Amino acid sequence: MHTPLPIFQVDAFTDELFGGNPAAVIPCPKFPEDELMQHIAAENNLSETAFVVAAGKGKFKIRWFTPLKEVRLCGHATLAAAHVLFTSAPDKLDKLIFLTKDAGKLVVTKIADSRYALDLPTDKIRKAKVSKNLRRGLGLEPVKVLQGQDDLLVILSKKSLVKRLEPRFEYLARIKKRGIVVTAPGGRNLDFVSRCFYPRYGILEDPVTGSAHTLLTPYWAKRLKKNKLSAEQISKRKGKLECQHKGKRVRLIGSAVTYSSGQVFPISGIY
């Protein structure tokens, strides 16, 4: 019998169970074959499953898979992985470095118990056109549409429009970007709100999306003329983030809670 691998499910960007965004975290001695990682992520059926492999003291390689595809960058599953490693590691560490295939080096710092700061690369904002599929998919006319490396950024005039959105995903899935991030001013006690949709990646609505805030943060920092921002992703589960624009990097602060732990049983010849 092969040695099973641990698996954890963590709610990220929340300090309460059943909030934020759930992610699976699987520490491995080495990465399984790509096909198997994709099968495991599909079986987990969460927004992302993160696979992590030790690469030195406080350093880990990380890859993320949605139920359909591998992604270039995932914030909430990185936060979840850091939470698992911080709480289970025998050595007391206050900083973890994650090495990625395409997003460079990511750093997570422990601020307090179950509260962490993610240091992620700032996305570059470019102009984009309003397509027919976007209009049909959202059922309204945006104030402005921009784009980053992965996602479209759709600007609406007020929070209530974001909250009431009932997207038609058959149209959004035709847009050749990873996803659609919709945002508006936050009103009282919040700088901005957002919702995120990724039908092309098997996720109709993502509850709380760390990577989207590498695009949201520089936009709102410039618009509001402030570098420290409070944000809420107003999906059904909801999640709150503290965001800081630091030029080429974005700092996101959030909490995480472990929901469950168990085992994945490896397949002969794969691990």
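This is a predicted model, so every value here is computed, not measured.
Side-chain N or O atoms of R249 include one that pairs as donor or acceptor with a backbone N or O of D119 at under 3.5 Å. Looking at S194, its side chain never comes within 3.5 Å of a backbone N or O of T183 through a donor-acceptor pair. Between the K177 side chain and the G148 main chain, a donor and an acceptor come within less than 3.5 Å of each other. Panel note: side chain E232, backbone G239; no donor-acceptor pair is recorded below 3.5 Å.
Few gaps surround NZ on K69; more than 12 heavy atoms of other groups in view lie less than 6.0 Å from it. Atom CZ of F169 has more than 12 neighbouring heavy atoms from other residues, nucleotides or ligands inside a 6.0 Å radius. No more than 12 heavy atoms of other residues, nucleotides or ligands lie within 6.0 Å of NZ in K61, so this atom counts as exposed by the packing criterion.
Applying the salt bridge (charged side-chain N to carboxylate O under 4.0 Å, His left out) test to R178 and every residue at least two apart in sequence or in another chain returns D151. Under the salt bridge (charged side-chain N to carboxylate O under 4.0 Å, His left out) criterion, R168 pairs with E170, sequence neighbours left out. With sequence neighbours left out, the salt bridge (charged side-chain N to carboxylate O under 4.0 Å, His left out) criterion links E43 to no other residue. Residues passing the salt bridge (charged side-chain N to carboxylate O under 4.0 Å, His left out) test with E141, sequence neighbours excluded: R135. The side chain to side chain donor-acceptor pair (under 3.5 Å) search around R200 returns none, not counting sequence neighbours.
The shortest heavy-atom contact between S157 and A184 is C-CB, 4.4 Å. Of all heavy-atom pairs between Y198 and T209, the closest is OH-CG2, 3.3 Å. For L172 against P167, the heavy-atom pair with the smallest separation is CD1-CB, 3.7 Å. Minimum heavy-atom separation, H213 to P218: O-CD, 4.1 Å. Of all heavy-atom pairs spanning H83 and T258, the tightest one is NE2-OG1, 3.0 Å. Nearest approach of L106 to P121, heavy atoms of both residues: CD2-CD, 3.6 Å.
Distance CG/L252 to CG/L229: 10.5 Å, rounded to 0.5 Å. Taking CD from Q9 and CD1 from I26, the interatomic distance works out to 11.0 Å, rounded to the nearest 0.5 Å.
Under the 6.0 Å cut-off for aromatic ring centres, F192 and Y219 do not qualify, their centroids lying 6.0 Å or more apart.
Considering R223, K228, K226 in turn, K226 is the only one that fulfils the side-chain hydrogen bond (donor to acceptor under 3.5 Å, both in side chains) rule with D191.
The stretch residues 120-134 participates, sequence neighbours left out, in no salt bridge (Lys or Arg N to Asp or Glu O under 4.0 Å) pair at all.
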> Taking it one step at a time, do F197 and L165 satisfy side chain to side chain contact (heavy atoms under 4.5 Å, CB included)?
Replying inline: CA-CA 11 Å; F197 310 104; L165 274 179; 4.2 Å; yes
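Using modelled atom types, one finds no donor on one side chain facing an acceptor on the other under 3.5 Å when comparing W64 with T100.
Taking hydrophobic clusters as Ile, Leu, Val, Met, Phe, Trp and Tyr residues chained together by side-chain heavy-atom distances below 4.5 Å, W220 shares a cluster with I125.
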